[in-house]
Amino acid sequence: MIIVLKPDSTPAEVDHVLDRIRELGLKPHVSAGEHRTIIGVIGDETKLRAEPLQAIAGVEQVLPIMKPFKLASREMTKKDTVVLVGKVKIGGGAMGMIAGPCAIESLDVLDEIAGKVKAAGANILRGGAFKPRTSPYSFQGLGEDGLKFLQDVGKKHDMPVVTEVMDPRQIPVVEKYADMFQIGARNMQNFDLLKEIGQTKKPVLMKRAMSATVKDLLMSAEYVLSEGNPNVVLCERGVRSFEDSTRNMLDLSAVPNVKGQSHLPIIVDPSHATGRPDLIPAMALASVAAGADGIHIEVHSCPEKALSDGPQALLPPRYAELMKQIRKVAEVMGKMF
Ligand code: PEP
Ligand code: MN
């Protein structure tokens, strides 16, 4: 950490800062320039993180050297992390191809969709049983009944399953039926939920909140990692912007941006990012070219009857065609699924 003092800081103020640093068991290194003094702090920087050093008289700026997320950082772990979901690997060249309906609606509909996405090459089945809907009058999900359908259908088609958990009280039931927890965009900063999820060992699909920075996303992953669960897969799903012809604005640079800063895998969800089936294929292909470790797409056999997110669902034949194209781009990128 580097502490920059104000040009008019007094020798007494500088001494006070030095005393605080020593009190914390760290070593200050003073560089007294012609115009201002700069103090380098040697030792475990984490000891200073919670200290409001900026509040000390005479201090102008406090600059951390280490990233605020430690366990998630590339500095900490150089090698790409590979997260295992059932038998499916995500990261380190292996892609998680997640597909399925937005919501679990019935055993039959889910079964039909699962058979089709599996035949197209999907390796993880998705479907929500607890749905975070903007309106309390919209379909809220089938709850535990839906989770049972998801587990049964996943087993039948030999696919691990991922589903959203919105509340710490839902963790035990979701943990019982699912292979991976999904933390939705709306709950990315539900820190109590993240702490509880961190105490399980189940893989977590952490979606970026609509107004979260890449740093916020990595800090949320840090919550889960710091509680002892290392199995986090990040997901870029678009952020809110002034553009209103798409549901969100897909931030594709988040993929290489995250990869530079973190060892965690990152996948892309072009369905929620665009909200438009005509844009999803191009954005899925671009995501793979940007280095994504997987693609998350909502597929429905009859979008006009879907109980949630029907307008953005891809029909199974379009999904199958897209998967063929994705395989080609994945090969160029040295990835496989
Ligand atoms: C979903 O996956 O159906 C969903 C609600 O996603 P998000 O949290 O990204 O909006
Ligand atoms: Mn959805």
Side-chain angles (χ1 to χ4, degrees), residues 85 96-105 109-110 113 117 122 124-136 138-143 146-147 150 161-167 170 174 178-190 193-194 197 203-212 214 216-217 220-221 224 232-241 246-252 254-255 258 266-277 279-280 283-284 287 292 294-315 319:
V85 185
M97 303 307 284
I98 305 176
C102 180
I104 300 153
E105 301 168 4
V109 172
L110 186 64
I113 298 168
V117 297
I124 299 176
L125 179 65
R126 68 146 283 143
F130 296 105
K131 294 302 305 173
R133 305 307 298 277
T134 303
S135 164
S138 300
F139 177 59
Q140 301 286 306
L142 296 179
L147 293 174
L150 185 64
V161 297
V162 57
T163 194
E164 180 160 356
V165 56
M166 296 198 295
D167 185 298
Q170 294 164 354
V174 174
D179 300 290
M180 183 181 215
F181 290 115
Q182 175 172 317
I183 300 289
R186 290 153 194 81
N187 275 304
M188 190 204 84
Q189 288 186 315
N190 181 340
L193 176 64
L194 302 184
I197 289 282
V204 182
L205 180 62
M206 170 87 67
K207 289 188 141 196
R208 179 179 181 179
M210 49 273 270
S211 60
V214 165
D216 292 335
L217 174 64
S220 288
V224 177
V232 177
V233 175
L234 305 168
C235 180
E236 163 59 37
R237 46 77 75 207
V239 290
R240 276 269 162 93
S241 83
T246 52
R247 185 171 176 179
N248 290 290
M249 172 97 69
L250 179 58
D251 176 11
L252 265 190
V255 176
V258 160
I266 175 162
I267 70 164
V268 175
D269 168 3
S271 296
H272 293 88
T274 64
R276 285 176 42 182
L279 305 181
I280 291 168
M283 292 302 95
S287 302
I295 299 292
H296 170 288
I297 291 181
E298 286 187 348
V299 177
H300 202 288
S301 43
C302 187
E304 66 179 56
K305 289 196 184 145
L307 298 178
S308 172
D309 282 350
Q312 74 188 27
L314 281 194
L315 283 162
Y319 178 70

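As the structure lists them, so they are numbered: ligands from 1, and atoms in each ligand from 1. Start at 1 with the first residue, then count along the sequence.
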Checklist entry - For G184, is at least one N or O under 3.5 Å away from an N or O on ligand 1? => result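 For ligand 1, there is no N or O atom that lies under 3.5 Å from one belonging to G184.
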
Strictly below 4.0 Å, N to O, side chains only: are [X] and [Y] in salt-bridge contact?
X    : Y    : result
R126 : E298 : yes
D309 : R247 : yes
D216 : R208 : no

Checklist entry - What are the protein N/O/S atoms, named by residue and atom, that sit under 2.8 Å from the Mn ion (ligand 2)? => result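 Checking every protein N, O and S atom gives C102 SG, H272 NE2, E298 OE2, D309 OD2.
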
Quick test: of every protein heavy atom, which one is nearest to [atom], and how far off is it to 0.1 Å?
atom                   : value
atom 6 (O) of ligand 1 : K207 NZ, 3.0 Å
atom 4 (C) of ligand 1 : H272 NE2, 3.4 Å
atom 2 (O) of ligand 1 : R126 NH1, 2.7 Å
atom 8 (O) of ligand 1 : A185 N, 2.7 Å

Item to check | Partners meeting side-chain hydrogen bond (donor to acceptor under 3.5 Å, both in side chains) with E105 (sequence neighbours left out) | outcome: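 Partners of E105 under the side-chain hydrogen bond (donor to acceptor under 3.5 Å, both in side chains) test: H300.
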
Next on the checklist: Going by the rule side-chain hydrogen bond (donor to acceptor under 3.5 Å, both in side chains), which residues pair with R276 if we only count those two or more places apart in sequence or in a different chain?
Outcome noted: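 Listed in chain order: D278.
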
Item to check | Worked check of side chain to side chain contact (heavy atoms under 4.5 Å, CB included) between I267 and V233 | outcome: CA-CA 7 Å; I267 70 164; V233 175; 3.9 Å; yes

Checklist entry - Of all residues at least two apart in sequence or in a different chain, which pass the salt bridge (Lys or Arg N to Asp or Glu O under 4.0 Å) check with R237? => result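 Checked R237 against salt bridge (Lys or Arg N to Asp or Glu O under 4.0 Å); zero matches.
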
Item to check | Side-chain touch L314/I297, heavy atoms, less than 4.5 angstrom | outcome: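 The answer is yes, as the side chains (C-beta and beyond) meet within the 4.5 Å cut-off.
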
Checklist entry - atom 3 (O) of ligand 1: which of E164, K131, Q182, R186 has the nearest heavy atom? => result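 Minimum heavy-atom distance to atom 3 (O) of ligand 1 goes to K131.
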
